[in-house]
Amino acid sequence: MNDSAGGTFLAERARRLTALARAKRDNLDVSQAQGQVQTALNKLDQELRALGDVLAVHRRLKVNGVPVSDPGDLEKPAIRLKEQAALGRPTGQFLNARTRDIVGSRTAIENANAEAWRAWATAKISALPLAVLPRLNSNHRDATSTRIAAMRTLAAKKPNIADIIQFQQYLGRVKDELDAVESAGGDS
C-alpha cells in the first residue's frame, strides 16, 4: 500500500468518525432537550396539582360562608400553552414560564384563602357568648374550653379542608353548649 492510498483511507476514516461524533453530539443535544422538557412538564404537573388543592380549599371556604375573593383568571396560562402546543412542541423554557404563572396564581389564592379564613374564623369565635362559660359545670367547661382553644389554633393556621370541617364541628358544638346555658339562665 502506498502512502497516498493509506492517507486517503485515513482521511476517509477520519471523516466517518467525525460524522459519527457529530451525530452522537446532535443526538445527545436532542436527548438533553427532551429531558429538560420532561422535567419542566413534571414541575408543571406538580404545580397544577397544588393549584387544584388550593382551589378545593377555596371552594370549601365558599360553601361554608367564608367571604373569599374570586380566584381571578386561571385560563390564561392554559390558553398560552394550548396555543404553543398547536405551533409545535413547547420548550422547557416556555413550560417553566407557565409553571411560574401557575405558582403566582396559586400563591395569591392561597394567601387570600388564609386571610379570609382567619378573619371569618376569628369573628365566629368572638361572636360566641363566652361570658357564660364559667356557668358550665366543670366537666363541660373543661371540654368546651379545650374546643375553643382548638378553634383558635385552627383559625390561626393556613386552612385545609380537614381543619375547616373540624372548626365547623367544634363551632356548632360550642355554640350549642353555650346557648343552652345562656337560655337556661343558670348552671348546666
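Source: prediction; values computed, not measured.
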- Message: Quick check on salt bridge (charged side-chain N to carboxylate O under 4.0 Å, His left out): which of Arg106, Arg98, Arg100 does Glu47 satisfy it with?
- Response: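 Going through the options one by one, the only one that passes is Arg106.
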Which atom names give the shortest non-hydrogen contact between [X] and [Y], and what distance separates them?
{"X": "Trp120", "Y": "Asn64", "value": "CZ2-O, 3.6 Å"}
{"X": "Pro71", "Y": "Leu55", "value": "CB-CD2, 4.2 Å"}
{"X": "Arg89", "Y": "Gln84", "value": "O-NE2, 4.4 Å"}
{"X": "Ala40", "Y": "Gly92", "value": "CB-O, 3.7 Å"}
{"X": "Glu182", "Y": "Pro129", "value": "OE2-CB, 3.7 Å"}

Measure the shortest side-chain to side-chain distance between [X] and [Y] over non-hydrogen atoms and say whether it is less than 4.5 angstrom.
{"X": "Ile109", "Y": "Leu74", "result": "yes"}
{"X": "Val132", "Y": "Asp179", "result": "no"}
{"X": "Pro159", "Y": "Leu61", "result": "yes"}
{"X": "Glu75", "Y": "Lys82", "result": "no"}
{"X": "Leu136", "Y": "Leu178", "result": "yes"}

- Message: Taking Ala180's backbone N and O only, do any of them form a donor-acceptor pair with Ser183's side chain (distance below 3.5 Å, no angle check)?
- Response: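 Side chain of Ser183 to backbone of Ala180, a donor-acceptor pair under 3.5 Å: yes, one is there.
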- Message: Please check this pair: side chain of Asp45 against backbone of Leu41, looking for a donor-acceptor N/O pair closer than 3.5 Å.
- Response: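 No, because the side chain of Asp45 does not come within donor-acceptor range (under 3.5 Å) of the backbone of Leu41.
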Give, for atom [atom1] of [X] and atom [atom2] of [Y], the distance between the pair rounded to the nearest 0.5 Å.
{"X": "Asp163", "Y": "Asn160", "atom1": "CG", "atom2": "CG", "answer": "4.0 Å"}
{"X": "Leu44", "Y": "Asp101", "atom1": "CG", "atom2": "CG", "answer": "10.0 Å"}
{"X": "Met151", "Y": "Lys124", "atom1": "CE", "atom2": "NZ", "answer": "10.0 Å"}
{"X": "Gln93", "Y": "Gln36", "atom1": "CD", "atom2": "CD", "answer": "9.5 Å"}
{"X": "Leu133", "Y": "Glu177", "atom1": "CG", "atom2": "CD", "answer": "9.5 Å"}
{"X": "Arg141", "Y": "Asn139", "atom1": "CZ", "atom2": "CG", "answer": "9.5 Å"}

- Please report the C-alpha distance between Val37 and Thr91 in whole Å, then the side-chain angles of each, then the deciding distance to 0.1 Å, and finally whether the side chain to side chain contact (heavy atoms under 4.5 Å, CB included) criterion is met. CA-CA 6 Å; Val37 167; Thr91 64; 5.5 Å; no
- Query: Out of curiosity, does Val103 fall in the hydrophobic cluster containing Leu95 (side-chain heavy atoms, cut-off under 4.5 Å, transitive links)?
  - Reply: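 Shared cluster, no.
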- Task: Could you tell me how the ring of Trp117 sits relative to the ring of Phe167: parallel (under 30°), tilted (30 to 60°) or perpendicular (over 60°)?
- Result: perpendicular
- Task: Begin with the C-alpha distance, continue with both residues' side-chain angles, and end with the deciding distance and a verdict on side chain to side chain contact (heavy atoms under 4.5 Å, CB included) for Lys158 and Val57.
- Result: CA-CA 10 Å; Lys158 180 175 77 170; Val57 168; over 6 Å; no
- Task: Could you verify whether a donor N or O on one side chain and an acceptor N or O on the other, from Gln38 and Asn42, lie under 3.5 Å apart?
- Result: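 A donor-acceptor contact under 3.5 Å links the two side chains.
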- Message: What verdict does the side chain to side chain contact (heavy atoms under 4.5 Å, CB included) test give for Leu171 and Leu128, after you've listed the backbone C-alpha separation in whole Å, the side-chain angles of each residue and the deciding distance to 0.1 Å?
- Response: CA-CA 9 Å; Leu171 179 64; Leu128 292 170; 4.0 Å; yes
